[in-house]
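Read through the structure below, which is laid out as structure tokens, and then see the notes.
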Amino acid sequence: EAQAASGISHPNIVTVFEIEENECGHFIATEFIDGQTLRPRLAGGGMKLKETLDISIQLARALDAAHTAGIVHRDIKPENIMVRIDGLVKVLDFGLAKLSGDDLGTTDDCLPSTSPLQTGPGAVMGTISYMSPEQSLGRKVDHRTDIFSLGVVLYEMVTGAKPFTGESPE
């Protein structure tokens, strides 16, 4: 999936230059982005409407490009959204991405059985506060899960608070 994501050429998606393996493990080399994630911008509460709209439009374009390429990100959240100093938005971290032709449940059969990241049926991967109900229940997901997560991010940009809070993930 990381290799598929690296094939997306879009101004609002981080450019992946190389995916390699060496004696220390796997690594991904990406472009340097001079800016900050969306998280610090949310620290002071809701954002101004113009900035919210500008970021939202760029995020929607990035997700449209990924979905058109058959890729579902599955982890849209402020920490995976960078805003460059010139205002250009970049979506990062396609580590949980899946190809839309794949089984888009949360299991990952590609990982070796000794991997600590391997999940079983119904296991949940992602950031619970931003997950669609289907993803949080470990069901199959499609591009609509990213749209749900985008809505959660938009809500947080406008209000300065997450729409769903609780003492535990359940």
Scanning both residues in full, the closest heavy-atom pair of Asp146 with Arg74 reads OD1-N, 2.9 Å
**Prompt:** Do Asn80 and Thr37 come within less than 4.5 Å of each other through their side chains, counting heavy atoms only?
**Reply:** no
TODO: Apply the test salt bridge (charged side-chain N to carboxylate O under 4.0 Å, His left out) to residues Glu79 and Arg39: give CA-CA distance (whole Å), side-chain angles for both, the deciding distance (0.1 Å), then the verdict.
DONE: CA-CA 6 Å; Glu79 291 79 5; Arg39 177 59 64 207; 2.7 Å; yes
Open item on the list: What I'd like to find out is whether the side chain of Met47 reaches to under 4.5 Å of the side chain of Ile55, using heavy atoms alone.
Closed with: yes
ask   = Got His26 and Ile28 here, is their nearest side-chain heavy-atom distance under 4.5 Å?
value = no
Main-chain N/O of Val141 paired with Thr145 side-chain donor or acceptor, under 3.5 Å: no
Minimum side-chain heavy-atom gap Leu154-Val158 below 4.5 Å:
no
Heavy-atom closest pair (Gly87 atom, Asp54 atom, distance to 0.1 Å) is O-OD2, 4.0 Å
*asked:* For the backbone of Leu92 and the side chain of His73, can you confirm whether one donor and one acceptor N or O come within less than 3.5 Å of each other?
replied: yes
What one should report as the nearest heavy-atom pair of Ile8 and Ala69 is CG1-CB, 4.0 Å
Output for pair (Ile71 CD1, Thr68 OG1), nearest 0.5 Å, gives 10.5 Å
Starting from Val152, can I reach Leu42 by hopping between I/L/V/M/F/W/Y residues whose side chains sit under 4.5 Å apart? yes
Of all heavy-atom pairs linking Lys162 and Ser129, the shortest is NZ-OG, 3.8 Å
Minimal heavy-atom distance between Phe148 and Tyr130, with the atoms involved, is CD2-O, 4.1 Å
dist Leu59:CG -> Ile147:CD1 (nearest 0.5 Å) comes out at 12.5 Å
The reported gap from CE in Met82 to NZ in Lys90 (rounded to nearest 0.5 angstrom) is 10.5 Å
In short, Met157 meets Ser56 closest at the heavy-atom pair CE-OG, 3.3 Å
Without placing hydrogens or testing angles, list every side-chain donor-acceptor pair under 3.5 Å for residues 12-19, not counting sequence neighbours.
unit_1	atom_1	unit_2	atom_2	d
Asn12	ND2	Gln58	OE1	2.9
Asn12	ND2	Val89	O	2.8
Thr15	OG1	Glu31	OE2	3.2

Using a 4.5 Å side-chain heavy-atom cut-off and chaining through intermediate ILVMFWY residues, the residues clustered with Leu49 come out as Leu53
Margin query: Salt bridge check, Asp142 against Lys140: does any charged N sit closer than 4.0 Å to a carboxylate O?
Written below: no
query = With a 4.5 Å limit on heavy-atom distance, are the side chains of Val91 and His10 in contact?
reply = no
Asn22 side-chain N/O to Gly25 backbone N/O, donor-acceptor pair under 3.5 Å: yes
